[in-house]
Novice: 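Here it is: the structure, laid out below.
Bear in mind the structure is a predicted one, so any value in this text is a computation, not a measurement. In what follows, every chain begins at residue 1, and chains take the letters A, B, ... in the order their sequences are listed.
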Amino acid sequence: MKKCLSIIAAALMVLGGTGKALSQNIRASYKTDINIVSVNDVHAAIENMPKMAAIVDSLRAIDKDLLVISAGDNRTGNPINDISEDASYPMVALMNQIGFLCSTFGNHEFDSGQEGLARNINESNFPYICANIFADEELGIHTVPYQFYYVKGVKICILGVVEAEFNGIPSTHPNNVKGMKFEQVEETIRKFLYLRNECDVFILLSHIGYDEDVKMAEKFPEFDLIIGGHSHTQIDGGEVHNGVLITQNENKLKKLTHTVLVVENGKVTGKSATNINVKNYPKTSVAAKCLVDYFSDNPEFKRVLAQAEAPFSSYEELGIMMCDALKDFSGADIAYCNAGGVRYEDHPAGDFTVNDVLRLDPFGNTAVVVNVTGKELHDMLIACKSVDDHGFPFSSGMSCEVTYTDKNRSGIKELKLFGPDGKPLNLNKKYKVIANSYAIITSDIPGDDQGEDLSIGTADVLMKYLEKMKKVNYQGRKCLKENF
Amino acid sequence: MIVKVNKEEVRIFKGATAKHAILRYILKKKMEVSALDEMKVFDSQGHKIGDDAPLKEGQSITFKI
């Protein structure tokens, strides 16, 4: 009987595709298990995808109807993926190969801007489900708010949502989401609650963080399952709040969740979830590994961004260029970076490649803007130096004269700051200052404004700057005078 | 924004991650920065979270070495 119903269900799938055309009241009238593998915040950990593929292969051998789902932030966190000529295509290709059913958007899906996102969506063999995004039509960002799936005669509805806490938009650079509007998650869910009566299993695929997932579960017991992401929370198996099962894993695909929903006569009568350790999984999918190897041997790393007209012969020259890039990107008055953030001290004349930038700035720092007075900046630079054995920070838009207490630079006796005109910086004036995230944290900002992350890596900023400049020459450039 | 690390308030920039907040805490406490390499981070309910986890205003985290 069970086999017979499965055949009928399979036939319905063939006739109806994803089932939208068959939205009449079809209900499972027998007991069956729905198996789901879910991941979140993979952040382009493509090195773990072959192991995930092996896990999925093993589970599919047991249940060919296994559903593989992502709760977003598939990208951002690995240059092999993120600076690929077609940014994030490696992740999309691997997700296609594994056979993902769907994904929702994470805030980082927007990091390549509107064009990049539209391209990634078109390249994906699966839909992006997100109900609280409204994109201008000309952007070509094709999403669905929800999707019905028929699995073993069970009608499943997945509703997707993304966080919009950063001034009403997801946490990405505002330019990346121009032409898009985002509705508050709770408001969106209320609009779609009617779907509960049109399916056997109602799933919220969310990228709003664990705390918000719990709140939604408390408010909306209509959901059977919330597959969550964003807060990188490692939930042991799953947690049940107000009858709703919530799952989520730490970032970078260290683990995934295998959820089993028992459906009986059109209702979920049992649910459980377990974690599977991806990183330590003993098997690897050869096919997925081939793809990862292919993408890792990326000619993009050898791409020439600009020509160095003269050699760089000091950390200071390279540091000034990094600061010029930050200043140019943000329109800030002043930029600085910690001395230890410049990772090599010379570079020959000639090609400046993507790989050169990634070696120069390998830490994955992001750009942070803060508005501070000249006096506050003065104190921040001293604090930044105090935890950096490499030396005093480099800068653009100002120069510094620092007098140390000794030759080892262990203490600062006096610091003077000068504007681009060579006159002392006005200590009472407010300046818009940009720096890398590490420098900002170590600078112990004294004022109320602690700054705001611009959601872009400093290495990306430098690449953009070099591409824009085409030719650079920093020979002999100085921003720092040191007295002992 | 203000978050709590091991029950102490730290002020960090908007958009910071758990790692940023813990670095600020470590510097405040004059601990070794190398502690960052060994730490495990937890949310207010004891769930392990990734060190790149985004933080919200008022959030509490703890870390252990």
Novice: Within residues 207-214 of chain A, which positions have a heavy-atom distance to chain B below 4.5 Å?
Specialist: A:Tyr210, A:Asp211, A:Glu212

Novice: Can you confirm whether the side chains of A:Glu239 and B:His47 place a donor and an acceptor under 3.5 Å from each other?
Specialist: yes

Novice: Counting only non-hydrogen atoms closer than 4.5 Å, does A:Thr442 touch chain B with its backbone (N, CA, C, O), its side chain (CB onward), both, or neither?
Specialist: both

Novice: Of all of B:Met1, B:Lys48, B:Lys28, which one pairs up most often with chain A through heavy atoms under 4.5 Å apart?
Specialist: B:Lys48

Novice: Which bit of A:Ile440 is near chain B, if near means a heavy-atom gap under 4.5 Å: side chain, backbone, both or neither?
Specialist: side chain

Novice: Please report the closest heavy-atom contact between B:Leu27 and A:Ile441, naming both atoms and the distance.
Specialist: CD1-O, 4.0 Å

Novice: Could you look at A:His43 and say if it's the side chain, the backbone, both or neither that has a heavy atom under 4.5 Å from chain B?
Specialist: neither

Novice: Are the side chains of A:Ser231 and B:Lys56 in touch, meaning some heavy atoms are under 4.5 Å apart?
Specialist: no

Novice: Need one label for A:Ile445: side chain, backbone, both or neither, based on atoms under 4.5 Å from any heavy atom in chain B.
Specialist: backbone

Novice: What pair of heavy atoms forms the shortest contact from B:Arg11 to A:Gly447, and how long is it?
Specialist: NH1-O, 3.0 Å

Novice: Just give me the residue among A:Thr233, A:Val387, A:Asn251 that pairs up with chain B most often, heavy atom to heavy atom, under 4.5 Å.
Specialist: A:Thr233

Novice: Are A:Asp449 and B:Phe13 side-chain neighbours, meaning at least one heavy-atom pair lies under 4.5 Å?
Specialist: no

Novice: Using a cut-off of 6.0 Å, state whether more than 12 heavy atoms not belonging to B:Glu32 lie near its atom CD.
Specialist: no

Novice: Would you find more than 12 non-hydrogen atoms of other residues, nucleotides or ligands less than 6.0 Å from A:Asp389 atom CG?
Specialist: no

Novice: Any side-chain heavy-atom pair from B:Asp51 and A:His232 closer than 4.5 angstrom?
Specialist: no

Novice: Using non-hydrogen atoms only, which part of B:Asp43 is less than 4.5 Å away from chain A: side chain, backbone, both, or neither?
Specialist: side chain

Novice: Are A:Asp444 and B:Arg24 close enough for a salt bridge, meaning some N to O gap below 4.0 Å?
Specialist: yes

Novice: Select one option (side chain, backbone, both, neither) describing which atoms of A:Glu165 are under 4.5 Å from chain B's heavy atoms.
Specialist: side chain

Novice: Counting heavy-atom pairs under 4.5 Å to chain B, which of A:His230, A:Gln450, A:Lys254, A:Lys252 comes out on top?
Specialist: A:Gln450

Novice: Decide yes or no on side-chain contact (heavy atoms from CB on, under 4.5 Å) for B:Ile49 and A:Glu250, but give the supporting numbers first.
Specialist: CA-CA 6 Å; B:Ile49 59 171; A:Glu250 200 181 332; 6.0 Å; no

